[in-house]
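These notes concern the structure reproduced below.
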Amino acid sequence: MFPSSTQAIPEQSAVPRHLAIIMDGNGRWATERFLPRSAGHARGVQAVRRIVEACGRRNVRYLTLFAFSSENWRRPREEVSLLMRLFIQTLEKEVDKLEEQGVRLRVVGDVSAFEPRLRQLIEMVETRTAHNTLLNLTVAANYGGRWDILQAMRHMLRAEPELATHLNDIDEARLAPHLSMAWAPEPDLFIRTGGEQRVSNFLIWQLAYTELYFTDSYWPDFDANALDRAFAWYRSRERRFGRTSEQLADGPAGR
Ligand code: FPP
């Protein structure tokens with residue numbers, strides 16, 4: 001397990017080790033061009049492909065994409081089924097390339113709500129890419145940060161029922177291994193496209209010390225240059241993790 005940002009100072013590098021993205025603005029991209037929203041989602045898939053490749057080339061080790069939130073079920077039924085079809089088609093089409101390119105794909109979220117075909121496909125792609133180590137690509141689907149914390153709590157109590165009567169023994173270190181991305185470091189950088197400035201119930205536990213970057217670009221327009229601009233901004237940030245600037249200037253002794 002990687003150390004928690006509230007318990008230790010995480011390792012830092014010029015390029016984020018873990019990048020988390022909310023891909024927003026597909027619908028508006030399409031509407032502005034008098035196209036159906038489906039066209040925006042289709043272009044969104046192309047942007048996913050571009051950004052996965054760009055992250056691989058830039059040595060990002062973990063890329064987590066918010067594809068479908070637990071609240072997205074509230075969308076019109078046709079749009080929900082379109083998104084499901086798009087996931088199925090994309091997984092079927094991309095599995096060989098992901099395997100070849102050294103990408104390990106995992107899906108986090110409550111996949112029990114998905115149709116059996118999609119669940120089987122997810123399992124197949126996860127198994128076929130499990131040996132890959134270049135880039136850990138995680139798709140958050142039917143995911144919600146609050147759902148994640150609650151499922152972690154349930155798993156923890158199932159594993160250690162005595163904690164229910166020893167409440168003071170419950171701490172971060174006990175809960176964190178049960179979170180759905182326990183195998184990844186916390187995100188260094190979060191990007192949200194589409195102009196909104198909110199976290200929308202994405203990885204709320206893990207974003208505690210993440211740098212938050214918002215851009216007006218719609219997701220279908222987001223490309224390697226836009227990614228580089230976000231990385232340049234990230235490099236300009238002073239990541240203090242609760243310390244003062246003076247401590248940072250003192251170097252490792254200030255840790
Ligand atoms: C947000 O745009 C986008 C989504 C809810 C779906 C994201 C899905 C993809 C990019 C395609 C599939 C991805 C994978 C990983 C296979 P929006 O519809 O909320 O846009 P709007 O805010 O302009 O309406």
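Whatever order the structure lists ligands and atoms in, that order sets their numbers, starting from 1.
- The salt bridge (charged side-chain N to carboxylate O under 4.0 Å, His left out) analysis of residues 33-47, with sequence neighbours excluded, yields the pairs Arg37-Glu79.
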So what's ligand 1 close to, N/O to N/O, under 3.5 Å?
unit_1   : atom_1 : unit_2 : atom_2 : d
ligand 1 : 2 (O)  : Gly25  : N      : 3.4
ligand 1 : 2 (O)  : Asn26  : N      : 3.3
ligand 1 : 18 (O) : Arg37  : NH2    : 2.9
ligand 1 : 18 (O) : Arg75  : NH1    : 2.8
ligand 1 : 19 (O) : Asp24  : OD1    : 3.1
ligand 1 : 19 (O) : Arg75  : NH2    : 2.7
ligand 1 : 20 (O) : Gly25  : N      : 3.3
ligand 1 : 20 (O) : Asn26  : N      : 3.2
ligand 1 : 20 (O) : Gly27  : N      : 3.0
ligand 1 : 22 (O) : Asp24  : OD1    : 3.0
ligand 1 : 22 (O) : Arg28  : NE     : 3.4
ligand 1 : 22 (O) : Arg28  : NH2    : 3.1
ligand 1 : 23 (O) : Gly27  : N      : 3.3
ligand 1 : 23 (O) : Arg28  : N      : 2.7
ligand 1 : 23 (O) : Arg28  : NE     : 2.7
ligand 1 : 24 (O) : Arg37  : NH1    : 3.1
ligand 1 : 24 (O) : Arg37  : NH2    : 3.1

Evaluate the side chain to side chain donor-acceptor pair (under 3.5 Å) criterion for residues Asn201 and Arg146: first the C-alpha distance (whole Å), next the side-chain angles of each, then the deciding distance (0.1 Å), finally the verdict. CA-CA 7 Å; Asn201 199 17; Arg146 292 185 181 180; 4.7 Å; no

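- Taking 4.0 Å as the cut-off between side-chain N and carboxylate O, Arg192 and Asp24 count as a salt-bridged pair.
- Residues passing the ring pair (Phe, Tyr, Trp, His ring centres under 6.0 Å) test with Phe87, sequence neighbours excluded: none.
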Phe68 and Arg75: CA distance, side-chain angles, deciding distance, side-chain contact (heavy atoms from CB on, under 4.5 Å) verdict: CA-CA 11 Å; Phe68 194 84; Arg75 292 190 172 209; 5.7 Å; no

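- Evaluation of the salt bridge (Lys or Arg N to Asp or Glu O under 4.0 Å) rule for Arg85 yields no partner, not counting sequence neighbours.
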